[in-house]
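Scroll down for the structure; my scribbles are underneath it.
Every heavy atom of this structure was used, including side-chain atoms; hydrogens, water molecules and symmetry mates were not.
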Amino acid sequence: MAIWLVLVRKEVVEALRSMKAVWLPLVFILLGAMQPITSYYMPEILKHAGNMPEGSIIQIPVPSAGEVLAQTLSQYGTLGLLIVALAFMGMISSEINSGTASFTLVKPVGRTSFFLSKWAAALLLVWLSFAAGFGASWYYTVLLIGAPDAGAVVQGFLLYGLWLSFVVTLTLLFSSLLRSPAGAAFASLGTAAVLAVASSLFPHAWQPGLLAGIAAEAVQAAANPKATAVVMITAAATALAAVLACLSMKRKALP
Amino acid sequence: MNELLCVTGLKRTFGARAAVEGIDMSIKEGRCVALLGPNGAGKTTTIRMLTGLLPPTSGTIKFRGEGMEDDFRRHIGYLPQAPVYYGWMSGRELLVHAGRLCGLSAAAAEARAAEMLERVGLSDAARRRVGGYSGGMKQRLGIAQALVHRPRLVIMDEPVSALDPIGRREVLALMRELKEETTVLFSTHVLHDAESVCDDVIIMADGRVAAAGAVEELRSRYRQPIIELRVEEDARSVAWADEMADGRRKLPHVDSAEHRDGSLRFAVDDLDAARIALMQELVREGVKAARLEAGFSTLEDLFLKVVEGRGNLARTRS
Amino acid sequence: MNQTANLDFSKLVMVLAPLFFIQFILLVIALVMLVRADATRGPKWMWALIIIFINIIGPVLFFVIGRRDRR
């Protein structure tokens with residue numbers, strides 16, 4: 001436990017020195033804040049775009065607060081996931097490739113501890129960034145559009161946070177399995193994309209891919225009866241991915 | 001002297017290729033041991049298995065001695081062949097981190113880090129980022145991080161081969177100091193480095209242990225009387241030398257003859273008898289000797305024999 | 001700007017100012033890291049252009065793939 005804390009501390013210091021702990025939240029804030037702003041000004045911008053045929057009247061209603069926050073989540077579902085996967089793709093493989101993992105693991109440090117410290121640091125950073133970004137989105141929504149139901153927003157935040165945690169865990173799993181960081185990003189994004197597509201094709205198959213949609217419904221105060229089950233399944237899948245990553249670390253030959 | 005490390009039947013294959021083919025070795029506490037062998041002999045693979053980085057295909061590695069029952073890695077320090085450290089840390093931070101990973105408290109790790117930096121001469125660079133260190137500085141930092149927790153066995157993979165002559169001398173001096181305090185195992189492909197620092201040698205070739213023992217013991221065990229003869233360049237002498245070398249001409253008490261460094265080298269069973277036989281032969285055949293020297297084979301001869309003979313010494317030994 | 005004249009201009013500035021500020025910070029951090037980097041994938045001037053001229057994505061690209069750690 002004491003050793004694990006030393007490792008976590010090293011990960012946190014590294015995230016601060018490499019500025020990852022700064023730029024990731026900032027990017028999430030930009031992504032989050034942009035959505036309510038575009039939603040609010042879009043009708044105006046279209047009205048003044050000037051390339052509309054003369055006399056055409058387009059009524060684009062400004063969406064509701066809940067809808068705006070749901071759109072924010074879908075932003076995180078594309079660009080957000082991409083950035084998260086890119087940010088953590090090399091967290092394990094680059095240490096193994098360069099030999100710094102060997103430096104750590106010839107010391108009396110368990111390979112499970114090694115993985116768990118990275119997992120904890122990655123989750124901490126992602127939850128922090130997502131909280132900052134979603135908070136910014138919430139703030140701008142209240143400012144420009146109106147106040148959504150706070151309970152619904154928090155529920156949607158927690159649900160979507162779990163989906164992000166699942167994807168981060170996948171990225172770390174693939175980072176421990178594959179030598180190439182790009183391969184890890186590709187594999188984890190690919191898995192997330194397949195699950196997301198599957199969720200619209202087979203809405204009755206309960207799997208983590210449904211969680212993004214459930215979170216988007218939750219912020220609009222629409223409860224999904226499947227929510228509890230999908231949360232359990234996603235949490236279990238996340239834990240499984242972490243266990244697999246630990247096993248892959250344990251069997252690994254290090255340079 | 002207590003046995004610190006005992007390895008039996010250690011084997012590692014990569015695909016179909018066996019890098020280490022079942023080796024046995026033992027290291028006694030307080031000794032400085034060289035793992036000597038040509039490139040590709042399996043030294044690095046062996047060391048990676050000893051440090052726990054590479055799981056063996058089969059075989060056992062046992063650390064003995066009191067306090068070794070828990071995680072053996074607490075008691076070993078490892079300097080890899082090409083040390084790589086977190087470039088964003090300062091030298092001091094890296095040593096503190098290494099110490100804490102070995103279970104030292106924050107205060108103890110700080111104190112030890114300062115002490116080790118002083119010892120390897122990096123005190124002035126302690127606050128600089130490791131990423132900006134030169135190769136020699138990284139090597140010294142590597143030694144410091146391997147020693148920070150006072151290990152009972154220090155394992156070094158080719159500690160001097162990548163260094164320039166000055167760095168080499170510094171590190172060899174440090175190793176001589178080190179062997180007074182703890183047990184050291186290091187690999188090298190340079191016999192001279194092994195002879196000048198260590199007490200014991202384990203010679204590896206083709207993934208096997210070809211010979212092992214204390215330097216003096218090996219020297220006497222494999223000591224063979226030899227005669228070196230240099231002849232003039234005239235046609236008669238050269239023809240005679242060639243006939244000797246390829247075995248067409250035989251002499252009593254001479255086991256073998258070969259060309260080496262412009263001389264003819266005879267391995268003999270009885271130095272005096274062979275010398276007389278050889279001199280009579282020289283007179284009889286009218287060969288012009290330029291220089292004749294009698295002596296005994298050195299460790300280098302043994303090493304070369306192992307390297308060229310691909311480990312068949314192991315068979316003659318047993 | 002006169003096309004959007006009937007928007008509340010001061011409100012627009014108030015809304016966008018923090019975002020521009022964050023973008024600016026991102027850009028500055030990326031440029032500082034670029035200058036201090038030991039090694040980059042590709043020439044530094046290329047990364048400088050990418051960071052300055054591609055909003056948000058430019059700095060992010062530099063952070064995730066631009067730096068090559070010298071260890």
Which residues in residues 48-59 of chain B have any heavy atom closer than 4.5 Å to a heavy atom of chain A?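 The list, in residue order, reads B:R48, B:T51, B:G52, B:L53, B:L54, B:P55.
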Which heavy atom of A:P108 sits nearest a heavy atom of B:R74, and at what distance? CG-CA, 3.8 Å
Which heavy atom in B:R73 sits nearest to a heavy atom in A:L105, and how many Å separate them? NH1-O, 2.9 Å
Output the distance between atom CZ (A:F114) and atom CG (B:L101), rounded to the nearest 0.5 Å.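 A:F114 CZ to B:L101 CG: 10.0 Å, rounded to 0.5 Å.
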Using 0.5 Å steps for rounding, measure from the CG atom of A:L7 to the NE2 atom of B:H97.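 So the gap between those two atoms works out to 6.0 Å.
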More than 12 heavy atoms of other groups within 6.0 Å of [X] [atom1]:
X      : atom1 : answer
B:R176 : CZ    : yes
B:D124 : CG    : no
B:E118 : CD    : no
A:K252 : NZ    : yes

Does the side chain of B:M89 reach to within under 4.5 Å of the side chain of A:K10, using non-hydrogen atoms? yes
A:R17 with B:E93: basic N within carboxylate O range, under 4.0 Å: yes
Segment of A:R251 engaging chain B (4.5 angstrom heavy-atom cut-off): backbone
Test log, rule side-chain contact (heavy atoms from CB on, under 4.5 Å), inputs B:Y78 and A:K107: CA-CA 9 Å; B:Y78 171 53; A:K107 308 264 185 297; over 6 Å; no
Option that, when pairs with chain A are counted at under 4.5 Å, heavy atom only, ranks first among B:A98, B:G103, B:P151: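 That would be B:A98.
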Derivation of the side chain to side chain donor-acceptor pair (under 3.5 Å) call for B:Y86 and A:S98: CA-CA 10 Å; B:Y86 298 111; A:S98 75; over 6 Å; no
